[in-house]
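Below you'll find the structure, written out as C-alpha cells, and then a few comments.
From a predicted model like this one, the values you see are computed outputs, not experimental measurements. Residue numbers begin at 1 in each chain, while the letters A, B, ... track the order of the sequences.
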Number of protein chains: 2
Amino acid sequence: MRPKAILHALSDPVRAAIFTQISGQGCVEACSDVAVVGDKAIPKSSLSHHIKVLREAGLIRCERHGVEMRNHSRCSEVDQRFPGLIAAILGAYALVRA
Amino acid sequence: MRPKAILHALSDPVRAAIFTQISGQGCVEACSDVAVVGDKAIPKSSLSHHIKVLREAGLIRCERHGVEMRNHSRCSEVDQRFPGLIAAILGAYALVRA
DNA sequence: TCCCATAGTTCGGAATATCGGAACTATTGA
DNA sequence: TCAATAGTTCCGATATTCCGAACTATGGGA
C-alpha cells in the first residue's frame with residue numbers, strides 16, 4: 001500500500017468513480033457485459049483491469065461469493081495509514097464535478 | 001487544474017520529490033547535465049519532462065530569469081481550490097519515507 | 001558583432017503501459 | 001453434464017515514458 005500506487009489508481013477518473021461507487025454502496029460491481037460508471041460505458045475487460053489496479057493499490061478487497069465478486073472498500077485501513085488522503089482526493093473530484 | 005492531472009503528476013515519486021523540493025526551497029532547479037532528486041540521478045531531458053508535467057498540472061509556475069528557469073510552487077493556489085489535497089499527498093510520501 | 005558556455009526543450013526510438021474485443025475459466029443451477 | 005452468468009487472460013493497436021542526441025535560447029566575453 002504505497003502512495004504511488006494509490007495516486008496512480010485514483011488519477012484515472014473512471015477508477016475514482018468506481019472506487020467512489022464501491023465505497024458508497026459498500027460493495028458489488030458487475031463486470032458482466034458492459035458496466036456503466038458515471039455515464040460512461042466500460043467494457044468488462046477494462047473494468048476487470050481497473051478493479052485489479054484498485055485491488056493492487058490496496059484500495060479495495062475482493063471476495064468471491066458464488067458466481068459473483070464482491071468488492072469492498074478498504075477506505076478506513078488506507079485512512080489509518082495515510083490520514084486524509086482519500087478524503088482529499090475524492091473531495092477534489094467532487095469539487096470539479098459540482 | 002484538474003485532480004486527474006495533479007494526481008498523475010504526483011503519482012510519480014520522482015516528480016513528488018521535485019515538487020517537494022521546489023515547494024521547500026521556494027524555487028530553482030537546474031536541468032543542466034544530470035540533476036539529483038532524492039538520491040537518484042535524473043537525465044536533464046527527463047527532468048525537463050517532469051517539470052513540464054508539474055507545470056501543466058498547475059502545480060508549479062516557471063519564469064525565465066536570464067539563462068536559468070525559476071520554478072515556483074503554486075501550492076497555495078492549488079490548496080485554495082482543492083483544500084488539503086497536496087498536504088495529504090506529500091504527507092503520505094513522507095510517512096513512507098520515514 | 002561573433003562565438004562560446006550554460007540552461008533548457010524537442011526529437012526519435014526503444015521499452016512499457018492501456019484499452020477493449022475475443023477467447024477462456026470458474027461457479028452455480030437445472 | 002450442460003447452459004448461463006461473472007470475471008480473467010490474451011493479444012494487437014494505440015498511447016505513454018524514458019533518455020541520449022540534437023537543437024534553441026540567453027548572457028558574457030573577446
Practice problem: Grab the NZ-P distance between B:K52 and D:dT16 for me, whole Å please. | Solution: 12 Å
Self-check item: Between C:dG8 (P) and B:I51 (CD1): distance, integer Å
Solution: 7 Å
Quiz item: Atom NZ of A:K4 to atom C1' of C:dA17: distance rounded to whole Å?
Solution: 12 Å
Quiz prompt | Atom pair distance, as rounded to whole Å: NE2 in A:H50 and P in D:dT9 | solution = 16 Å
Quiz item: Starting at the 5' end of DNA chain C and moving along, which residue's nearest nucleotide shows up first, A:H65 or A:K40?
Solution: A:K40
Quiz item: Between atom CZ in B:R64 and atom P in C:dA7, what is the gap in whole Å?
Solution: 11 Å
Self-check item: Nucleotide D:dA6, atom C1' - distance to CG of A:L47 in whole Å
Solution: 11 Å
Quiz prompt | Nearest-Å distance for atom pair CZ/P, residues B:R70 and C:dT6 | solution = 19 Å
Quiz prompt | 5'-most by nearest nucleotide on DNA chain C - A:G66 or A:D12 | solution = A:D12
Quiz item: Do B:S45 side-chain and D:dG20 base share a donor-acceptor contact under 3.5 Å?
Solution: yes
Quiz prompt | Closest to the A:K44 side chain, choosing from C:dG8, D:dG7, D:dC19 | solution = D:dG7
Practice problem: For A:S46 and for A:V67, locate the closest nucleotide of DNA chain D by heavy-atom distance; then report the residue assigned to the nucleotide nearer the 5' terminus. | Solution: A:V67
Quiz item: Quick one: which of D:dT8, C:dG20, D:dG7 gets closest to the side chain of A:R55?
Solution: D:dT8
Quiz item: Rounded to the nearest 0.5 Å, what separation is found between the OG atom of B:S11 and the NZ atom of A:K4?
Solution: 8.0 Å
Practice problem: Output yes when a side-chain donor or acceptor of B:R2 lies under 3.5 Å from a complementary backbone atom of A:Y93, and no otherwise. | Solution: no
Practice problem: Mind checking the CD1-CG spacing from A:I51 to A:L59? Nearest 0.5 Å is all I need. | Solution: 12.0 Å
Quiz item: Counting side-chain heavy atoms from C-beta on, which of C:dT9, D:dT17, D:dT9 comes nearest to A:S48?
Solution: D:dT9
Quiz item: Roughly how many Å is it from NE2 in B:H49 to P in D:dT17, rounded to a whole number?
Solution: 5 Å
Quiz item: Has B:Q80 got more than 12 heavy atoms of other residues, nucleotides or ligands less than 6.0 Å from its CD?
Solution: no
Quiz item: What is the nucleic acid contact for A:H8, judged by heavy atoms within less than 4.0 Å: base, sugar-phosphate only, or nothing?
Solution: sugar-phosphate
Quiz item: A:E68 side chain: which of C:dT9, C:dT10, D:dA6 is closest?
Solution: D:dA6
Exercise. Is it possible for you to say whether A:M1 and A:I89 belong to one hydrophobic cluster, with membership spreading through side-chain heavy-atom contacts below 4.5 Å?
Key: yes
